[in-house]
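To start, the structure itself, in structure tokens.
Throughout, protein chains are lettered first and strands after them, A, B, ... in sequence-line order, and every chain is numbered starting at 1. Below, all heavy atoms of this structure are taken into account, side chains as well, without hydrogens, waters or symmetry copies.
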Protein chains: 2
Amino acid sequence: MYNSKYREISDFFNALSHPVRVEIVAELLNGQKCVSDMRELIKVNQPNVSQHLSVLKSAGVVDWEQTGKRKCYFLKNPARLRKILNSMKEKKNVSGG
Amino acid sequence: MYNSKYREISDFFNALSHPVRVEIVAELLNGQKCVSDMRELIKVNQPNVSQHLSVLKSAGVVDWEQTGKRKCYFLKNPARLRKILNSMKEKKNVSGG
DNA sequence: TAATTATATTATAATATTAGAATGTTTGCA
DNA sequence: TGCAAACATTCTAATATTATAATATAATTA
């Protein structure tokens with residue numbers, strides 16, 4: 001329906017359009033974390049964490065690996081995300097238009 | 001309800017979470033445009049263009065000035081937006097996680 | 001193999017977003 | 001003043017997102 005170039009870009013932004021998902025990404029910038037780690041760090045219940053992780057996974061922002069009973073999530077491209085988030089806080093006005 | 005730091009960031013990403021709004025921003029990177037310019041460049045009807053511009057305005061991404069009968073919209077911080085968009089297309093995989 | 005731990009999925013209700021139609025407002029000009 | 005152009009707002013129906021509760025699955029351990 002829409003130009004796929006802009007659709008791809010908006011899909012990525014959409015993945016980060018919820019505060020919980022931004023917080024998840026911020027935590028993952030410090031290293032990989034499993035779901036129960038997230039559940040403690042962020043004040044959100046377990047199914048909701050899974051839902052948000054699923055959105056991030058679909059958008060290609062994160063991936064995971066199994067470690068025993070746990071699933072460890074990590075950023076697929078931490079360098080670029082760090083860059084994008086840094087370029088947003090360069091000034092006080094985060095809106096960045 | 002959520003940490004305001006992450007809320008601010010997600011609000012910005014949310015502003016760019018629709019393909020039409022990304023396209024609007026892409027066009028505005030080439031200079032300011034009025035609503036009827038947009039309406040021609042993008043295949044979207046007038047009220048819908050106004051709605052999307054309103055979302056971008058609320059998020060602080062764009063502002064406008066009156067020029068006769070027209071309203072000319074422009075990016076409030078084109079440099080930063082250019083930077084963010086550039087850092088997204090550095091690799092083929094736009095997801096950038 | 002049964003129980004437990006860790007995580008995912010499904011269902012549901014509430015809310016938000018979106019496109020498009022209809023209507024309203026503002027500006028400039030005849 | 002009356003009209004047309006440019007843009008915004010409101011309304012509505014369709015769809016999407018979200019949080020929570022309930023349930024299911026997968027891996028480990030007793």
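Residues passing the side-chain contact (heavy atoms from CB on, under 4.5 Å) test with Ser50(A), sequence neighbours excluded: Val35(A), Gln46(A). Shown here are the side-chain hydrogen bond (donor to acceptor under 3.5 Å, both in side chains) partners of Glu27(A), two or more places apart in sequence or in another chain: there are none. Every residue two or more places apart in sequence or in another chain that forms a side-chain contact (heavy atoms from CB on, under 4.5 Å) with Lys57(A) is listed here: Val62(A), Asp63(A), Trp64(A). Every side-chain contact (heavy atoms from CB on, under 4.5 Å) that Gln32(B) has, sequence neighbours left out, goes to Glu65(B), Cys72(B), Phe74(B). By the side-chain contact (heavy atoms from CB on, under 4.5 Å) test, Leu29(B) pairs with Leu75(B), Pro78(B), Arg82(B), Leu85(B), sequence neighbours left out.
Rounded to whole angstrom, the span from the CG atom of Asp37(A) across to the P atom of dT5(C) amounts to 17 Å. Distance NE2 (His18(A)) to C1' (dA16(C)): 11 Å, rounded to an integer number of Å. Counting to the nearest Å, the P atom of dT27(C) and the NZ atom of Lys71(B) are 9 Å from each other. Between the CG atom of Asp11(A) and the C1' atom of dT17(D) there is a distance of 14 Å, given to the nearest Å.
Counting only residues at least two apart or in different chains, ring-ring contact (aromatic ring centres under 6.0 Å, His included) contacts with residues 15-39 of chain B comprise Tyr2(A)-His18(B), His18(B)-His52(B). Residue pairs that meet the ring-ring contact (aromatic ring centres under 6.0 Å, His included) test with at least one member in residues 31-50 of chain B, sequence neighbours left out, do not exist here. Screening residues 38-49 of chain A for salt bridge (Lys or Arg N to Asp or Glu O under 4.0 Å) gives no qualifying pairs among residues at least two apart or on separate chains.
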Using a cut-off of under 3.5 Å, enumerate the N/O to N/O pairs linking the protein to nucleotides 24-30 of chain D.
| residue | atom | partner | partner atom | Å |
| --- | --- | --- | --- | --- |
| dA27(D) | O3' | Gly68(A) | O | 3.3 |

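Arg21(A) has a side-chain polar atom (N or O) that falls below the 4.0 Å cut-off from OP1 or OP2 of dT18(D). Considering only side-chain N and O atoms, Tyr2(B) lies nowhere under 4.0 angstrom from the phosphate OP1 or OP2 of dT18(D). The side chain of Tyr73(B) places an N or O atom within less than 4.0 Å of a non-bridging phosphate oxygen (OP1 or OP2) of dA8(D). Side-chain nitrogen and oxygen atoms of Ser36(A) include none within less than 4.0 Å of the OP1 or OP2 phosphate oxygen of dT5(C).
To the nearest 0.5 Å, atoms NZ (Lys71(A)) and OG (Ser36(A)) are separated by 13.0 Å.
Taking a 4.0 Å limit (strictly below) on heavy-atom distances, residues 38-58 of chain A reaches DNA chain C at Gln46(A), Pro47(A), Ser50(A), Gln51(A). A heavy atom lying under 4.0 Å from DNA chain D marks none of the residues of residues 23-33 of chain A.
Checking side-chain atoms of Arg21(A) against main-chain N and O of Ala15(A) turns up a donor-acceptor pair under 3.5 Å. Looking only at distances, a side-chain donor or acceptor of Asp37(A) sits under 3.5 Å from a matching main-chain atom of Cys34(A).
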